[in-house]
Amino acid sequence: MGRILLRQLVGHSLAHEQGDGRPKKSENTRLKRVIISGVGAVSGLGGDVPSLIEGIRQGRSAVRFMDGWDELTGLKSLVAAPAELVNPKAIPRKYRRTMGRMSLFAAQAAQQALKDARIEDEARTSGRMGCIIGSTMGGAQSIFEAYDTILPERNITNLTSTKFFQCVSHTAAMNVAQLLGITGCVMATSAACASALQAIGVGYDLIRLGRQDLALCGGAEELHPTVTGIFDVLMATSTNYNNEPQKTPRPFDKDRDGLVCGEGSGMIVLEEYDHARRREAKVYGEIIGYNTCGSGAHISQSNSASIISCLSNAMKDAGISPADVDYINAHATATLQGDKEEAEAISQILGDNVPVSSLKGHIGHTLGASGALELIVSLAMMAEGAIFPTLNLVNVDPDCSGPHHVINLLRRKIDIFIKNCFAFGGINAALVCKKAEN
Amino acid sequence: MDMTNEQIVAAVNEVFKESFEIKQADLLRERHLFDDLGLDSLDVVDLAVGLQQKFDVKVRDDPRLRGIRTLGDVYDYVIELSLESQSDKKPV
């Protein structure tokens, strides 16, 4: 009970402590509790949450060789984890015309999540529901098409009116909010690979501060050779496995050689605890802590010191200690430096007892969608009491050897887990989730 | 633009089918673009782009576009453009 009360009262953004370090029990500093009441997903493993979970449970990889990508001169990584866009015309043209591929993924995942959470029309249009969705690039294919129209003759007269809405960084957030009629806070987070987790963090803050009762949060991303190309230029992609796509990416493995881009969308419905209880909503878990911070050290990568800071502050926000953590769903994209820094941070703060695994080997790095998609799988692991292993992790790299890596399916009760995401800009995000109380 | 009126009507219809997913059966000349065919202000911009690409003309800044209300108005407008282009080609 003490911990629950602490969790209700402490938030790093609103923490008002008494002289003894305990939070004030004043109503105006009391934060709301936030639960997850719906999930939706489109990934390389299928167009819904069950196919994602089942694919990962079976240890399947969505990574394959990408035909035609070798037409982009200089691109060395020719593998990716594509998702299938099924029946986009189910979305009326009026809404679909401004959606690129990633917004369509987002719309489909969002529709699933709202249906799963049984959110009625009145809730969406009440102004008490927000829509916060992130992405790394915006609509990569649409951006490419727009410049392909403009640049040959430096002429904008054949640019369609809908192209802007397909391109921009808030394309998924605005399109989904329009499609679903959501009239509360509509916002896009854009912090590359931490975008989805930041979106969930924003939704968490909005609800716990009492500004919204519900929030549809998540991220979306679409594959494009130019997107993989950006990572390729930075020598962060996997290039040694073009002939054996299923063997990459290899998070924490000694033979890892970089990330593999994926695509899709993950969406969750966040809901204020009492609001959910009143309508007897399904509860996947409770968010009890969150932190996001910058490293201030390097533009293209995070470091162990700032990851430690992020994890520590997320646990402090949750009112828990490292001993309370049962599982960490790692960011671990299989880059040489990123995996090393994350492993070092995890082992320093949590030792070698807490199981750690990454899902990038199954669905690739879905960039701005990764935080939400991987959170959804982590919730399933918590419900099942099983930790799915890191696919393609065969020999742990000595540089990553500190944590307890999960190489085979591990049956383990999970009461609290942490989801990590790290991004270009040295941006970190960590979310702490707790098993739902009946 | 060297096309018969029938070819122009068919090509305009193609623009409406490709750009706005309107069925052939609904493409009647008296149909109002907004009220009957469901277009809006964004679609009008894209109609101009569609006509430019289909007929290789520049119409985006043509003030006559603002007077278009029905599908028949679009047919007549493109036919007028066709006549103008033929007139431009005549030797002086």
Side-chain angles (χ1 to χ4, degrees), chain A residues 85-104 106-108 111 138-139 141-181 183 186 188, chain B residues 1 8 11-28 31-69 71 73-74 77-78 80-82 84-85 88:
Chain A
L85 185 58
V86 179
N87 194 20
K89 290 198 171 183
I91 297 169
R93 185 192 73 86
K94 181 188 166 193
Y95 298 102
R96 182 169 25 92
R97 65 184 173 171
T98 52
M99 295 182 181
R101 185 175 172 85
M102 65 163 273
S103 290
L104 290 164
Q108 292 179 340
Q111 286 174 322
Q141 175 66 30
S142 298
I143 293 169
F144 189 85
E145 288 168 359
Y147 285 109
D148 204 35
T149 300
I150 295 168
L151 289 179
E153 296 177 15
R154 303 257 167 172
N155 185 338
I156 64 165
T157 54
N158 276 331
L159 202 58
T160 59
S161 67
T162 49
K163 194 56 79 181
F164 166 82
F165 302 97
Q166 297 169 6
C167 290
V168 287
S169 56
H170 67 311
T171 180
M174 68 177 168
N175 273 301
V176 169
Q178 288 288 324
L179 173 69
L180 301 173
T183 57
V186 178
Chain B
M1 198 193 304
I8 288 171
V12 168
N13 285 349
E14 285 302 310
V15 171
F16 276 80
K17 284 188 275 189
E18 290 163 5
S19 299
F20 310 120
E21 300 177 5
I22 296 171
K23 293 175 186 163
Q24 177 69 46
D26 293 324
L27 293 171
L28 304 172
R31 291 286 165 94
H32 193 281
L33 299 189
F34 285 15
D35 299 340
D36 299 324
L37 299 180
L39 274 59
D40 64 11
S41 57
L42 291 184
D43 290 326
V44 170
V45 176
D46 291 358
L47 172 61
V49 172
L51 294 177
Q52 288 183 159
Q53 292 175 331
K54 184 68 81 178
F55 298 103
D56 193 21
V57 291
K58 302 289 181 202
V59 302
R60 194 156 170 159
D61 298 324
D62 191 335
R64 287 176 289 181
L65 278 176
R66 294 199 188 104
I68 287 175
R69 297 287 180 273
L71 184 57
D73 293 341
V74 182
Y77 170 62
V78 180
E80 198 175 319
L81 289 175
S82 173
E84 287 170 7
S85 71
D88 290 345

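Everything numeric in this text was worked out from a predicted model, so none of it was measured. Numbers restart at 1 for each chain; the letters A, B, ... are given by sequence-line order, proteins then strands.
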For this session: With a 4.5 angstrom heavy-atom cut-off, could you sort out which part of A/Lys89 is near chain B: side chain, backbone, both or neither?
Result: side chain
Exercise. Do you know the tightest heavy-atom contact between B/Gln52 and A/Asn158?
Worked result: NE2-OD1, 2.7 Å
Exercise. Which atoms form the tightest heavy-atom contact between B/Val49 and A/Thr157, and what is the distance?
Worked result: CG2-O, 3.9 Å
Exercise. How far does CD1 of A/Ile156 sit from CZ of B/Arg60, to the nearest 0.5 angstrom?
Worked result: 6.0 Å
Above 12 or not: heavy atoms from other molecules or residues under 6.0 Å from [atom1] of [X]?
| X | atom1 | result |
| --- | --- | --- |
| A/Asp148 | CG | yes |
| A/Phe144 | CZ | no |
| A/Gln141 | CD | yes |

Exercise. For the candidates A/Lys163, A/Lys94, A/Arg97, which exhibits the highest count of non-hydrogen atom pairs separated by less than 4.5 Å from chain B?
Worked result: A/Arg97
Exercise. Would you say B/Glu21's side chain and A/Arg93's backbone share a donor-acceptor pair under 3.5 angstrom?
Worked result: no
Seminar exercise, completed: Filtered by a 4.5 Å non-hydrogen cutoff, the part of residues 34-48 of chain B contacting chain A is B/Gly38, B/Asp40, B/Leu42, B/Asp43, B/Val45, B/Asp46
